[in-house]
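Lettering of chains follows the sequences in order, A, B, ..., and the numbering in each one begins at 1. Nothing here was measured: the structure is a model prediction, and the numbers come from that model.
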Protein chains: 2
Amino acid sequence: MTPRTRRRTEALSRDRIVEAAVELLDAGGEAGLTFRTLTERLETGAGAIYWHVANKDELLAAATDGVVAAALAVGSPGSPPDEIRAVALGLFEAIEQHPWLATQLALQFSRSPSGSVTPRIFEAIGRRVRSLGVPAGHRFTTTSALVSYILGAAGQNAANAQSAAHANRAEFLDAVSDAWEELDAREYPFMREIAAEQRGHDDREQFLAGVDLVLAGITAVHRAG
Amino acid sequence: MTPRTRRRTEALSRDRIVEAAVELLDAGGEAGLTFRTLTERLETGAGAIYWHVANKDELLAAATDGVVAAALAVGSPGSPPDEIRAVALGLFEAIEQHPWLATQLALQFSRSPSGSVTPRIFEAIGRRVRSLGVPAGHRFTTTSALVSYILGAAGQNAANAQSAAHANRAEFLDAVSDAWEELDAREYPFMREIAAEQRGHDDREQFLAGVDLVLAGITAVHRAG
DNA sequence: ACCTGAACACCGTTCAAGT
DNA sequence: ACCTGAACACCGTTCAAGT
């Protein structure tokens with residue numbers, strides 16, 4: 001009835017639409033963003049949104065790009081490995097705060113490598129890979145490996161982020177551990193062995209340990225770092 | 001009118017439904033799998049499918065699990081690093097043949113780490129990580145890093161796989177390279193630098209180079225391998 | 001130029017009814 | 001126990017009509 005956060009007289013714009021989309025995605029995940037919920041929140045009609053945005057895919061791409069750009073904007077000067085860790089952690093935290101981002105990043109990367117998200121992340125990592133001393137012919141492959149790890153790991157952590165926000169994180173990890181321990185002993189000996197290790201692990205520590213592992217590999221292969 | 005591949009008298013079963021789902025996904029991507037297209041192909045009603053499968057999410061999970069299980073079944077004994085490369089390549093090729101798998105794997109991992117796909121992949125990689133000589137307290141983290149890389153890289157290659165199937169692969173790479181070369185010179189110096197490198201790269205080679213990079217990191221950190 | 005809102009084609013899911 | 005198929009609530013998108 002009575003709008004609280006916005007005056008209905010405020011003009012519609014692409015930025016306001018994307019902003020509202022991010023809020024809806026944060027609140028309700030991908031299912032929370034609908035042209036119905038969006039028109040309701042913006043107090044407008046469906047056609048008005050289509051005037052500013054081509055379709056839902058473009059809207060999701062714009063929301064993803066905005067969040068990623070903000071996450072990469074934090075620039076803390078340091079050694080190349082430290083900067084790579086900072087960039088990686090920035091993306092990790094962005095996905096922690098916006099769990100829907102993990103799936104969207106995967107979609108952006110696989111569907112349109114010439115979009116805006118792929119270049120942004122590649123550029124942020126790639127510059128530091130160059131500073132690391134990786135020779136010219138190997139920079140694309142090396143950067144790609146780092147980006148692959150970061151996105152893969154961040155995607156795996158999206159679930160944990162959601163569970164941490166809603167319920168008790170310890171309960172979530174316990175449930176996963178319990179499920180792993182109940183797996184068939186002959187088919188899944190390794191899973192049963194690491195179930196305990198999983199139970200108490202820290203996502204962020206594990207993520208950064210993986211970054212360090214890849215960095216150690218780069219050093220070993222290229223004697224750079 | 002006249003069914004060709006199946007006799008309509010053949011009984012419905014969960015396996016037949018999942019099999020048909022995979023075929024539809026392969027042919028038309030995620031948009032190609034619909035309860036309408038599925039009932040049409042199976043010459044049945046919607047309710048019949050719901051008798052065997054709880055909902056669409058479960059159907060997608062079953063389709064993903066089936067393809068992954070088949071991909072991991074190829075066991076070629078060798079040194080631990082060789083076996084890791086073989087497992088990774090098996091998943092890479094499965095995604096190459098079933099591009100929809102990349103997104104589904106990301107969803108399975110982030111939504112239900114206690115499902116069947118996560119344990120399968122973790123077990124296949126983790127056993128070899130143990131054989132590699134990684135000490136007990138580090139196996140979960142190390143395996144997780146490898147799996148993250150594999151899934152992240154495979155996801156990035158899903159687009160290439162699709163373009164390779166339909167149009168000319170060289171044309172696709174050229175288009176991406178061209179887009180990268182047209183980026184702003186001040187904001188994207190690195191992307192412009194590696195555009196040429198991207199143009200002629202081989203996905204499989206690059207993927208395996210990344211696996212070797214992570215393996216080199218594991219060796220460097222744990223003196224194992 | 002920008003917005004309204006009814007209408008369209010389609011989706012996943014349910015369920016009373018059949019065999 | 002297994003299947004049918006109409007019906008329901010919802011979705012993204014379009015478009016004639018307004019200002």
Side-chain angles (χ1 to χ4, degrees), chain A residues 1 3 6-65 100 103-104 107-108 111-112 115, chain B residues 1 3 5-64 100 103-104 107-108 111-112 115:
Chain A
M1 269 306 162
R6 302 190 186 288
R7 313 201 313 269
R8 85 196 79 190
T9 50
E10 199 177 336
L12 209 56
S13 70
R14 191 183 152 96
D15 282 350
R16 269 201 57 200
I17 292 171
V18 172
E19 187 193 348
V22 170
E23 289 168 11
L24 287 169
L25 286 165
D26 287 348
E30 296 178 58
L33 176 61
T34 285
F35 273 83
R36 260 70 168 182
T37 59
L38 199 53
T39 54
E40 213 171 304
R41 171 171 287 236
L42 293 169
E43 294 175 323
T44 183
I49 291 167
Y50 278 93
W51 178 260
H52 297 276
V53 161
N55 52 41
K56 196 180 180 183
D57 279 352
E58 195 192 290
L59 179 56
L60 283 167
T64 302
D65 189 58
W100 51 272
T103 305
Q104 281 316 120
L107 290 176
Q108 297 300 318
R111 273 188 204 156
S112 53
Chain B
M1 269 310 158
T5 52
R6 303 192 185 288
R7 314 201 310 271
R8 84 195 83 188
T9 52
E10 198 178 338
L12 209 56
S13 70
R14 191 183 151 95
D15 282 350
R16 269 201 58 200
I17 293 170
V18 172
E19 187 193 347
V22 169
E23 289 169 11
L24 286 169
L25 286 164
D26 287 349
E30 296 179 57
L33 176 61
T34 286
F35 274 82
R36 258 73 169 180
T37 58
L38 199 53
T39 54
E40 213 171 306
R41 170 171 289 235
L42 293 169
E43 294 174 323
T44 182
I49 291 168
Y50 278 93
W51 178 260
H52 297 275
V53 161
N55 51 41
K56 196 179 181 184
D57 279 352
E58 196 192 288
L59 179 57
L60 283 166
T64 303
W100 50 272
T103 305
Q104 281 315 119
L107 289 176
Q108 296 301 319
R111 271 186 205 158
S112 53

Are OP1 or OP2 of C/dC2 and a side-chain N or O of A/Trp51 less than 4.0 angstrom apart?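 So the side-chain polar atoms of A/Trp51 do come within 4.0 Å of the phosphate oxygens OP1 or OP2 of C/dC2, strictly under.
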
Looking at B/His52, does any N or O in its side chain come under 4.0 Å of the phosphate oxygens OP1/OP2 on D/dA1?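 Negative; the distance criterion is not met.
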
Side chain proximity check, [X] to [Y], heavy atoms < 4.5 angstrom:
| X | Y | result |
| --- | --- | --- |
| B/Leu25 | B/Leu60 | yes |
| A/Asn55 | A/Phe35 | no |
| B/Leu38 | B/Leu59 | yes |
| A/Val18 | A/Asp65 | no |

Between [N] ([atom2]) and [X] ([atom1]): distance, integer Å:
| X | N | atom1 | atom2 | answer |
| --- | --- | --- | --- | --- |
| A/Leu42 | C/dT4 | CG | C1' | 14 Å |
| B/Arg16 | D/dC2 | CZ | P | 15 Å |
| B/Ile17 | D/dC2 | CD1 | C1' | 11 Å |
| A/Glu43 | C/dC2 | CD | C1' | 17 Å |

Between D/dA17 and C/dC2, how far apart are the two C1' atoms, rounded to whole Å?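 Straight-line distance between the two C1' atoms is 13 Å.
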
State whether A/Glu19 and A/Arg41 are salt-bridged, where the test is any N-O pair (Lys NZ or Arg NE/NH1/NH2 against Asp/Glu carboxylate O) under 4.0 Å.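 A/Arg41 and A/Glu19: not salt-bridged.
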
My validator wants the stems of DNA chain C: runs of 3 or more consecutive Watson-Crick or G-U pairs, both distances under 3.5 Å, written as range with range.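 Stem list for DNA chain C: C:4-8 with D:12-16, C:12-16 with D:4-8.
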
Base contacts versus sugar-phosphate-only contacts with protein, heavy atoms under 4.0 Å: please encode nucleotides 12-19 of chain C as B, S and - from 5' to 3'. BBBB----

Hey, is CD on A/Glu40 packed in by over 12 heavy atoms from elsewhere, all under 6.0 Å?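 It does not: A/Glu40 CD has 12 such atoms or fewer within range.
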
Any chance you could lay out the salt bridge (Lys or Arg N to Asp or Glu O under 4.0 Å) test for A/Glu30 and A/Lys56, step after step, and finish with the verdict? CA-CA 11 Å; A/Glu30 296 178 58; A/Lys56 196 180 180 183; over 6 Å; no

Quick check against the 3.5 Å criterion: does A/Thr37 have a side-chain atom that pairs as donor or acceptor with the backbone of A/Leu33?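 Pair absent, no side-chain N/O of A/Thr37 close to backbone of A/Leu33.
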
